[in-house]
Amino acid sequence: MSIKVHEFKKVVTSTVIIGMILLFIAFNLFLVFDHHYIRNELTVLNKMVDELGYEINDEMLENFQDLYRDELKKMNEITNDKTSKTYGDVGTFFEEVRNDYDLYNVYTHKELDHMNQIMIMEIYLDFIKDMDHEYASFDLLEFAETEISLYGLQGSAAETARSNYEKLGDRLNQLLDNGEHKNMFFIGQIYGMHSLLFKDIFRVVSFEIMILVVLITAYIMNYEFENKTPLMVYSTRRGRNIIWDKLLVAMGSGVIATTLILGITLIAYFCLFSYKGLWTVPISNYFNWEDVFPLISWWDMSFIQYLICSIVLTYICGILFTMITFILSIFTKNSYISFFAFGILFGLILLIPDIMPRSNNLIFLSGFTPFHLVLNPQIWFTGRGIFTIFKYYEITIVGVWGLLLFIGGKLSAKRFIKEDIH
Amino acid sequence: MLTIHNLSKNFGSFTALKDINLEFTNGVYGLLAPNGAGKTTLMKIITTLLYPSGGEVLYEGQDIFKRGEDYRELLGYLPQEFGYYKNYSPMQYLLYIAALKGLEGKVAKERAIELLKLVGLENVMNKKMKKFSGGMIQRVGIAQAMLNNPKILILDEPTAGLDPKERVRFRNLLTDLSREKIVILSTHIVSDVESIANEIIMIKDKEILYKDSMRNICNLIEGMVYETEVAFDEVSSFKQQYQSLSEKQEQGKMKIRFISKDDIPASTWKPVSPSLEDVFLNIYNDEILEGDNQ
Ligand SMILES: Nc1ncnc2c1ncn2[C@@H]1O[C@H](COP(=O)(O)OP(=O)(O)OP(=O)(O)O)[C@@H](O)[C@H]1O
Ligand SMILES: [Mg+2]
């Protein structure tokens, strides 16, 4: 125990590591607050969900329309009062107001704000109206063919891709049967909240955590060699077995660093953007369809489940990177070289898919790495891109790499135990 | 008992040690050999840092590498060159090493304070080591080696960097501490071992040349060491004939201490009793000459 405490002290007294953590947190807070301007519009949804629930069904829709009509009526009373005009919808009102500054000045800020809220309700109703049609006219297999020709896949690779998209198509039908899509959420095409959280923020965080755990692991693994104390340390009772303490402490420190960075970033995010009433909304809802492709999670997951899975995966990736650095450090005995070796490994592994033959299934295999995982957190647990569409993509990577690194770690440690220390 | 059996060590194609056979029981052993003879290499093997290329090292009949923690628990080691953590105080540093040696927190602290007093660092035990002189660092090193009250204490040039006062202090300390222990210390400073070692081990040409008490080793050249005075212009011809051990100018002449294997000494030669240094110079003389001829 006390050995681990001593090792841990080395980490917390490193100004570089502590400095990096603070820097990363500051950067993430900046990233989150950079989007603060959409905050007020988002709360309209919280209010609607509070009154109507998030599930879109006939009853809810009726209430929704009633609510909207009430609000529209109230608005028309105001406009009628001030300009003797009434409107069929809020869209027309804003069109007029936008082109006529005098008209704009007639209304108070508060009134305009309220009208804007009704406008948002109107937009939701418009979206809901198109929903069934959008899904009906979405052709997954056509998308598959475009992707296949875009990447020039042929032969068995193309077959694999096709069959994957067919499986995703089955899941899409299941999702539509379940009605997972018929749920209210922030409008992806306008606010892109799913991308903001799971693409921008999680990607940055995963990347930061990767850098940190590599730094921490390389630092404590090579500490003795860099301070010229290995002769003393490795001839003590604990001896060369101290690398196991170091590995555990590196993992623990990585977990703490992850908790700090991810924790503070997510707390800031959810303080700024209220997800009140939305935690249990299915993630594969219609409003998360941000661009040309709907969000199709492989499992029926709620937002909070999806978030928790993403957090867990982030932690696991950190641990995998710790293990990679552990192995590298045993061979390099130098923290800078370990760090750069990791960087080079990262680069090479990302390059491999590009040089693989396009007609062989191996091209998919080369994308099954934790490095690909941290670069694309927005696709976690969903099907979309041709190389990551596998249902068990994340789980396979974690399982296979975990096992390989466990074996690799054991073998490297064995080698280290049998090695001369000069 | 620590037994070294047919031990050899190669670094790539270079042989550093070969056919080493030694036995250590409680007592102080002085490993005396010139630079590059393999003293450090031998010690690193005894401390399990290097693996032998051949042969074995046994403690109480068991291979030390197989015994692992059980064996290392009994070890204290002061490396010849060692780093330290600049931002640690001696106290923090000793507590760290104590943890690695498996000492409990409270015991470790008491022991560390005791040892820091013993090596005369009690006043600076909470100061950062980056400001320490070489001698102070060396004393921290000595203290850490003693932490676990080792049964086998390996000291690689322990007096390097110590001033004469500290050297004396260290010798006394060692005499105290060496009871009931195997102490192996290496040096090429003859006077260090003369006073404290029970046995001297000499390595030559990668092999053990002698392992014996100082008296027996000195007896090897008993009756061959003389002192005489030689005029300056004759010094070089004299030195070609006899192996000079030391020279000193005295009253316009050169006083030379030398070795002669002639049976009949000249009347001007004054026989003296050989010192360990004489033996050292005599033994490693060939090596030096060979080196010169190449
Ligand atoms: N790691 C190594 N790789 C290659 N050669 C080595 C290595 N360590 C030691 N040697 C060589 O082995 C020989 C013995 O070295 P060693 O350090 O044991 O000598 P030493 O007796 O301790 O010398 P010194 O009195 O200078 O400390 C030297 O010739 C040295 O160059
Ligand atoms: Mg040496």
Side-chain angles (χ1 to χ4, degrees), chain A residues 1-19 216 219-250 252-253 330 333-336 412-422, chain B residues 9-12 16 40-41 43-53 64-65 67-88 92-106 108-109 129 140-141 144-145 147-148 150 152 154 156:
Chain A
M1 189 60 219
S2 122
I3 296 177
K4 294 187 185 74
V5 174
H6 280 281
E7 291 299 327
F8 185 66
K9 264 190 206 155
K10 292 175 186 169
V11 178
V12 289
T13 51
S14 156
T15 37
V16 175
I17 291 169
I18 301 300
I216 291 173
Y219 179 71
I220 69 169
M221 283 297 293
N222 299 301
Y223 196 79
E224 279 65 40
F225 294 101
E226 279 164 11
N227 284 289
K228 303 198 173 65
T229 55
L231 299 180
M232 271 181 193
V233 168
Y234 291 111
S235 62
T236 58
R237 185 175 109 128
R238 187 72 180 131
R240 289 172 175 86
N241 293 323
I242 194 181
I243 55 169
W244 295 120
D245 300 302
K246 286 176 180 290
L247 177 62
L248 279 180
V249 171
S253 310
I330 284 181
K333 306 227 173 12
N334 177 299
S335 56
Y336 295 101
S412 315
K414 208 167 167 185
R415 183 196 139 107
F416 179 72
I417 306 267
K418 287 271 155 222
E419 209 173 52
D420 281 352
I421 292 175
H422 297 289
Chain B
K9 180 67 188 174
N10 308 324
F11 295 110
T40 299
T41 305
M43 292 184 146
K44 283 185 187 168
I45 293 173
I46 297 174
T47 51
T48 72
L49 290 166
L50 298 182
Y51 283 87
S53 309
I64 58 168
F65 293 92
R67 284 188 63 153
E69 294 203 351
D70 281 351
Y71 170 73
R72 286 193 305 273
E73 189 171 39
L74 311 170
L75 270 185
Y77 176 42
L78 172 70
Q80 179 172 10
E81 277 166 23
F82 61 94
Y84 53 93
Y85 306 131
K86 287 196 282 296
N87 290 318
Y88 278 43
Q92 284 173 314
Y93 185 56
L94 288 193
L95 289 181
Y96 173 57
I97 301 285
L100 294 175
K101 290 188 171 193
L103 268 65
E104 295 292 325
K106 201 163 156 266
K109 193 148 192 179
M129 293 203 284
V140 177
Q144 67 77 30
L147 271 171
N148 52 333
I152 304 168
I154 312 285
D156 202 350

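Just so you know, these numbers use all the heavy atoms, side chains as well, and skip hydrogens, waters and symmetry mates. What you see is a predicted model; the values in this text were computed from it and never measured. So that the names make sense, note that chain A is the first sequence line, chain B the second, and so on, each numbered from 1.
Between chain A and the options B:Y93, B:F65, B:Y71, heavy-atom pairs under 4.5 Å are most frequent for B:Y93.
Distance check: B:Q92 CD to A:K9 NZ gives 6.5 Å after rounding to the nearest 0.5 Å. Atoms OG1 and CD1, from B:T48 and A:I421 in turn, are 8.0 Å apart once rounded to the nearest 0.5 Å.
The minimum heavy-atom distance linking B:Y84 with A:T229 is given by the pair N-CG2, 3.8 Å. The shortest non-hydrogen separation linking A:D420 to B:K9 is OD2-NZ, 2.5 Å. In terms of heavy atoms, A:K10 sits closest to B:Y85 at NZ-OH, 4.5 Å.
A donor-acceptor pair under 3.5 Å is absent between the side-chain atoms of B:R72 and the main chain of A:S235, judged by distance alone. Judged purely by atom type and a 3.5 angstrom limit, A:N227 has no side-chain atom pairing as donor or acceptor with the backbone of B:G83.
Heavy atoms closer than 4.5 Å to chain A are found in both the backbone and the side chain of B:L49. Only the backbone of B:E81 comes within contact range of chain A, with at least one heavy atom under 4.5 Å from a heavy atom of that chain. Contact of B:L147 with chain A is not made at all, since no heavy-atom distance falls under 4.5 Å. Only the side chain of B:K44 comes within less than 4.5 Å of a heavy atom in chain A; its backbone stays farther off. In this structure, chain A has a heavy atom under 4.5 Å from the side chain of B:Y88, while its backbone stays farther away.
A salt bridge between A:R238 and B:E69 is present, with a side-chain N of the basic residue lying under 4.0 Å from a carboxylate O of the acidic one.
More than 12 heavy atoms of other residues, nucleotides or ligands sit less than 6.0 Å from atom CZ of B:F11.
For the side chain to side chain contact (heavy atoms under 4.5 Å, CB included) criterion with A:M232, the lone passing option out of B:Y77, B:Y96, B:F82 is B:F82.
Using a 4.5 Å heavy-atom cut-off against chain B, the contacting residues of residues 241-250 of chain A are A:N241, A:I242.
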